[in-house]
Each structure stands twice: as structure tokens, then as C-alpha cells.
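Proteins get letters first, then strands, A, B, ... in listed order; numbering begins at 1 in each.
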Amino acid sequence: MANKTSFWLVKQEPSQYSWDNFVMDGETYWDGVRNYQARNNLQAMKKGDLVFFYHSVTGKDIKGIAKVTREAYPDPTSDDPRWVVVDLKPLKALTHPVTLEEVKIHKDLQEIALVRQSRLSVMPVTKKESRIILQLSKTSI
DNA sequence: GCCAACGTTGGC
DNA sequence: GCCAACGTTGGC
């Protein structure tokens, strides 16, 4: 993995758009973000960055990793120019999905935005946190 | 189903 | 510009 690669995490309710839907689509634009903080995170994504895909509400676990294939551009589902999307492509399903519970009990994941800011839907993940999540998931990239 | 944590809206 | 009221998200 390139050292400049940043990690992110996006949340989605699987009843609306699950990891399996995403894999079947092959590639998608990440639309519907209507929150400035989440939007700013989308805009900060660079092509090649890696994005954890989290199932909220049902499942509450990190299912897989996606790759940013196109940087932020205006949200085609909105007339409002403030909102943007990025293109994401599935990279790999996690061998072992990492549950919110596992994240919460890990002493080095106490500060992760997923726990601290439960309502944010697009958030940065530090390199250290990413390494731990990958370890917990028994997945290498 | 409840509620905490936020974000947004609108009256002043 | 403040703040109360309201709406939404998401964990429990």
C-alpha cells in the first residue's frame, strides 16, 4: 500500500444499499450526503484512497473495502451545487467483518470517529486505526 | 420504541 | 446573532 494512501469510512444502511448491492454494481457514485462535515470528507478523498464500508442499523459491522476511482464532483441527484459525490469501486470483502462491538472494546480504537461521532456518515480513519481494523478482519490488502 | 446527539430552521 | 423547537440518525 502506498504510504500516501488515506483511509476513510462510509456508512450505509444495508436495507438501502448493502455491500452486496455495491459488489453487484461493480462501481457506484456515493450520493445522498447532505451534511457539511461528511461532504468535506468526501471532497478530501483522493483517487486511490481506500474506504471501509460499514453497515449501520442492521449488522453494525464493517463489511469491505472500496477504492476511490473518481474524486469529488457535483452530486447528480441534487440541484444544489453544494453537494458532491465520489466514485467508489469494491476492492475486497473483509474475511471477517469487524463489528461495532469489536471496535468499541479495542483499546486502540476508542478515539475512532465511528464511535465518537455516531451520526457522521463519511469520516476519516487514521493509518493506525486502519491497520488495527485490517488485523481484526484478518484481511490483507 | 426510546432517546442522545446533532443539525437545521425560524422567530426575535 | 441567539436560541427554542423540531427533525434525523443510529445505537441500544
Side-chain angles (χ1 to χ4, degrees), chain A residues 1-2 4-141:
Chain A
M1 119 182 62
K4 61 181 179 181
T5 305
S6 298
F7 285 85
W8 308 88
L9 184 145
V10 296
K11 298 206 299 208
Q12 184 58 278
E13 292 195 34
S15 60
Q16 293 179 29
Y17 191 79
S18 69
W19 170 258
D20 288 342
N21 295 144
F22 181 39
V23 169
M24 270 187 284
D25 283 349
E27 187 164 20
T28 192
Y29 52 81
W30 202 257
D31 66 326
V33 171
R34 298 290 182 270
N35 166 284
Y36 288 111
Q37 206 180 342
R39 190 278 313 267
N40 291 344
N41 291 329
L42 277 183
Q43 273 177 333
M45 289 184 187
K46 296 293 176 198
K47 198 171 170 179
D49 282 356
L50 299 179
V51 183
F52 290 107
F53 192 115
Y54 174 79
H55 276 178
S56 62
V57 185
T58 313
K60 283 177 281 183
D61 51 3
I62 304 168
K63 287 286 186 209
I65 306 165
K67 186 181 236 181
V68 177
T69 52
R70 184 177 170 191
E71 293 175 16
Y73 60 99
D75 188 335
T77 68
S78 171
D79 294 331
D80 192 328
R82 291 176 300 175
W83 307 121
V84 301
V85 298
V86 295
D87 284 358
L88 296 179
K89 192 176 177 174
L91 181 69
K92 204 168 199 182
L94 297 185
T95 308
H96 165 75
V98 178
T99 64
L100 181 61
E101 195 183 2
E102 288 174 276
V103 169
K104 281 189 158 173
I105 61 179
H106 196 288
K107 67 175 170 51
D108 291 324
L109 291 177
Q110 298 303 304
E111 295 302 311
I112 194 169
L114 182 66
V115 175
R116 272 199 1 254
Q117 250 182 302
S118 67
R119 290 188 51 203
L120 188 60
S121 62
V122 182
M123 65 192 79
V125 180
T126 67
K127 290 217 187 317
K128 187 181 172 192
E129 289 161 353
S130 310
R131 252 197 319 274
I132 295 169
I133 292 169
L134 288 171
Q135 270 171 22
L136 291 174
S137 71
K138 302 175 171 60
T139 307
S140 54
I141 51 173

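- Judged purely by atom type and a 3.5 angstrom limit, A/S137 has no side-chain atom pairing as donor or acceptor with the backbone of A/V98.
- Of the possible polar contacts, one joining the A/Q110 side chain to the A/K104 backbone as a donor-acceptor pair under 3.5 Å is found.
- A/K89 and A/D87 are not joined by a salt bridge, as no carboxylate oxygen comes within less than 4.0 angstrom of a charged side-chain nitrogen.
- Here A/F22 pairs with A/W19, A/F53 under the ring-ring contact (aromatic ring centres under 6.0 Å, His included) rule; sequence neighbours left out.
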Identify each atom pair where a protein N or O and an N or O of nucleotides 7-12 of chain C are less than 3.5 Å apart, giving names and distance.
{"residue": "C/dT8", "atom": "O2", "partner": "A/R119", "partner atom": "NH2", "Å": "3.1"}
{"residue": "C/dG11", "atom": "OP1", "partner": "A/Y54", "partner atom": "OH", "Å": "3.1"}
{"residue": "C/dG11", "atom": "OP2", "partner": "A/V57", "partner atom": "N", "Å": "3.0"}
{"residue": "C/dG11", "atom": "O3'", "partner": "A/K104", "partner atom": "NZ", "Å": "3.4"}
{"residue": "C/dC12", "atom": "OP1", "partner": "A/K104", "partner atom": "NZ", "Å": "2.2"}

Next item on the list: Before giving the answer on side chain to side chain contact (heavy atoms under 4.5 Å, CB included), spell out for A/L100 and A/Y54 the whole-Å C-alpha distance, their side-chain angles and the decisive distance to 0.1 Å.
Entry: CA-CA 9 Å; A/L100 181 61; A/Y54 174 79; 3.7 Å; yes
